[in-house]
Peer 1: 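Questions regarding the structure given below will be posed in turn.
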Amino acid sequence: MRVGLRSHFHRRQTGSGVQLVARWIGKVVTEGLPGCCQRLTVVDHPGCATGCTSARLQVSRRVVQAVVTLADVARMSATSRSTASRALKGDPRISEETADRVRLVAKALGYRPNVAARTLATGRSGIFGLIVPSSLMDDVYGAQLVSAVTTAAGEHDGGVMLWLSHDRPSRAIRETVSNGIIDGLVVSILAQNEPWIDELLDSGLPCVLIGRHSSRTDTSYAAIDNITATRALMEHLRDQGYMRVATIRGPIGNTDAEERHSVFIEAMGGADQIDANLVAVGDFSYESGYDAAAALLRHGPDCIVAGNDPMAMGALAALRAAGLRIPEDIGVSGWDDVRDANRIDVRLTTVHHDMAAVGREAVEILLKQMGGVQGPIRRTVPASLVIRESTLRTSGNEKEAKA
């Protein structure tokens with residue numbers, strides 16, 4: 001492995017071998033090689049008569065292993081251990097010159113932070129667990145959720161260990177939770193109905209849900225404001241003159257799906273005013289949206305409200321297959337504002353929410369819990385209605401209405 005360094009090095013023969021003399025902005029520092037690295041050499045610049053050049057450190061991967069310590073990095077970069085640590089964490093108090101020097105030396109030596117040592121020293125590993133259903137990884141929402149939480153953790157110098165839930169967690173996962181390898185858990189509400197999720201919530205480990213729990217009131221969560229945004233959507237449909245509105249709601253028991261459906265019922269005048277033939281249940285997938293829309297068409301709806309964008313896109317495909325025009329013959333709306341919602345031939349009216357903000361709130365809640373804050377901590381992230389052509393019956397420009 002060769003790593004370019006923006007500095008000058010001399011090779012100096014000594015009785016015990018080769019030492020490096022590094023010139024950093026006029027300051028000469030002489031350091032011996034770390035005990036873990038006996039094959040660190042300097043590659044001279046070709047054609048240099050003096051042997052003093054902008055050189056490269058050449059390190060054998062076979063001898064530079066995990067035994068490289070922060071102390072080695074500090075010694076070779078002529079800093080204290082605490083300064084080297086801050087530099088590697090991007091602390092703004094460390095000058096750019098010093099930070100560059102520390103990072104270059106760390107890279108040359110193959111330094112990797114020792115998680116076990118950090119855990120012993122601070123009581124924290126810097127690693128958060130993220131539990132999502134395996135089925136969610138086939139959905140755009142799943143990718144957004146993973147990206148949001150990992151990005152937020154990274155802003156606090158943390159990492160994320162991803163677990164896909166199937167039936168019960170493996171023994172290794174349970175031991176990971178109980179042995180203090182992770183500092184806290186972020187759990188998707190789509191996985192909350194698994195019995196073992198309750199075990200984790202009761203384990204004493206800091207834990208936050210993405211979304212509200214369907215039955216428990218003692219949990220912390222970061223959630224989207226489903227209520228306000230759904231009301232804005234239903235008001236828009238009423239303004240457009242839709243009278244026979246059908247819905248493809250999300251799974252029974254899913255908190256987001258339940259909240260959105262409760263507002264749908266409210267907007268339609270109550271449960272006793274709704275034609276049961278105009279209510280279908282999907283599983284948030286494109287296929288379930290297609291099948292549900294095909295069945296709903298037999299009952300003559302003039303608009304279909306889907307619980308998320310993949311189901312709305314499946315509904316659009318079913319409506320086209322039936323020869324219907326959108327929105328002239330029937331309107332369609334979705335939820336989530338995934339990337340493709342604005343790229344399909346009929347641009348989709350939907351609800352936009354900031355998943356990155358949800359991830360940040362979830363990680364902030366974990367940090368508060370780790371800091372000793374007691375009781376459930378709850379954060380709600382606003383959502384906004386995005387009006388596009390799939391529901392626009394009357395003249396008017398597409399717009400984003402803040403809910």
Side-chain angles (χ1 to χ4, degrees), residues 1-45 48 50-128 150 153-161 179-183:
M1 176 177 69
R2 294 185 176 185
V3 181
L5 296 178
R6 295 180 298 173
S7 295
H8 291 73
F9 283 86
H10 291 287
R11 281 192 300 186
R12 176 181 295 171
Q13 290 293 132
T14 67
S16 60
V18 177
Q19 287 185 323
L20 296 182
V21 181
R23 298 182 184 275
W24 298 106
I25 316 300
K27 180 180 179 181
V28 179
V29 180
T30 304
E31 293 292 345
L33 298 177
C36 62
C37 181
Q38 300 303 318
R39 291 182 58 189
L40 179 64
T41 59
V42 175
V43 181
D44 291 334
H45 189 277
C48 179
T50 65
C52 173
T53 73
S54 292
R56 293 170 295 172
L57 290 183
Q58 180 173 299
V59 188
S60 168
R61 288 183 182 274
R62 289 173 295 179
V63 296
V64 180
Q65 300 173 354
V67 289
V68 177
T69 67
L70 182 62
D72 293 325
V73 174
R75 185 170 65 253
M76 292 295 288
S77 58
T79 64
S80 68
R81 189 178 182 279
S82 61
T83 297
S85 176
R86 293 191 182 102
L88 293 173
K89 292 179 180 179
D91 191 318
R93 292 175 294 179
I94 305 302
S95 70
E96 183 177 353
E97 171 199 330
T98 299
D100 283 346
R101 182 166 81 244
V102 171
R103 285 192 293 264
L104 288 168
V105 170
K107 188 173 183 180
L109 295 179
Y111 170 72
R112 296 292 184 273
N114 188 317
V115 174
R118 179 170 63 178
T119 302
L120 287 173
T122 67
R124 297 181 181 179
S125 67
I127 299 174
F128 301 130
T150 54
E155 292 172 354
H156 295 277
D157 298 322
V160 172
M161 182 181 295
N179 290 344
I181 297 176
I182 60 173
D183 292 333

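The shown structure was predicted, so the numbers you read here are calculated from the model rather than taken from an experiment. We're numbering straight along the sequence, starting at 1.
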Peer 1: Can F128 and D183 be said to form a side-chain contact (heavy atoms from CB on, under 4.5 Å), step by step?
Peer 2: CA-CA 6 Å; F128 301 130; D183 292 333; 3.9 Å; yes

Peer 1: Could you pull out the closest heavy-atom pair between G159 and A153, with the gap in Å?
Peer 2: O-CB, 4.2 Å

Peer 1: For the side-chain contact (heavy atoms from CB on, under 4.5 Å) test, which of V102, V73, I94 pairs with T79?
Peer 2: V102

Peer 1: Which distance, rounded to the nearest 0.5 Å, do you find between the CG of L109 and the CG of L70?
Peer 2: 11.0 Å

Peer 1: What closest approach, in Å, do A78 and R101 show between heavy atoms, and which atom pair accounts for it?
Peer 2: O-NH2, 3.7 Å

Peer 1: Among residues at least two apart in sequence or on other chains, which ones pass salt bridge (Lys or Arg N to Asp or Glu O under 4.0 Å) with R103?
Peer 2: D100

Peer 1: Return the NZ to CG distance between K107 and L88, rounded to the nearest 0.5 Å.
Peer 2: 13.0 Å

Peer 1: In Å, rounded to the nearest 0.5 Å, how long is the span from OG1 of T150 to CE of M161?
Peer 2: 14.0 Å

Peer 1: Who passes side-chain hydrogen bond (donor to acceptor under 3.5 Å, both in side chains) against S95, sequence neighbours left out?
Peer 2: T98

Peer 1: Within the distance-only criterion (no hydrogens, no angle test), does the side chain of R86 pair as donor or acceptor with the backbone N or O of D91 below 3.5 angstrom?
Peer 2: no

Peer 1: For S85, give me all partners under side-chain hydrogen bond (donor to acceptor under 3.5 Å, both in side chains), at least two apart in sequence or on another chain.
Peer 2: none

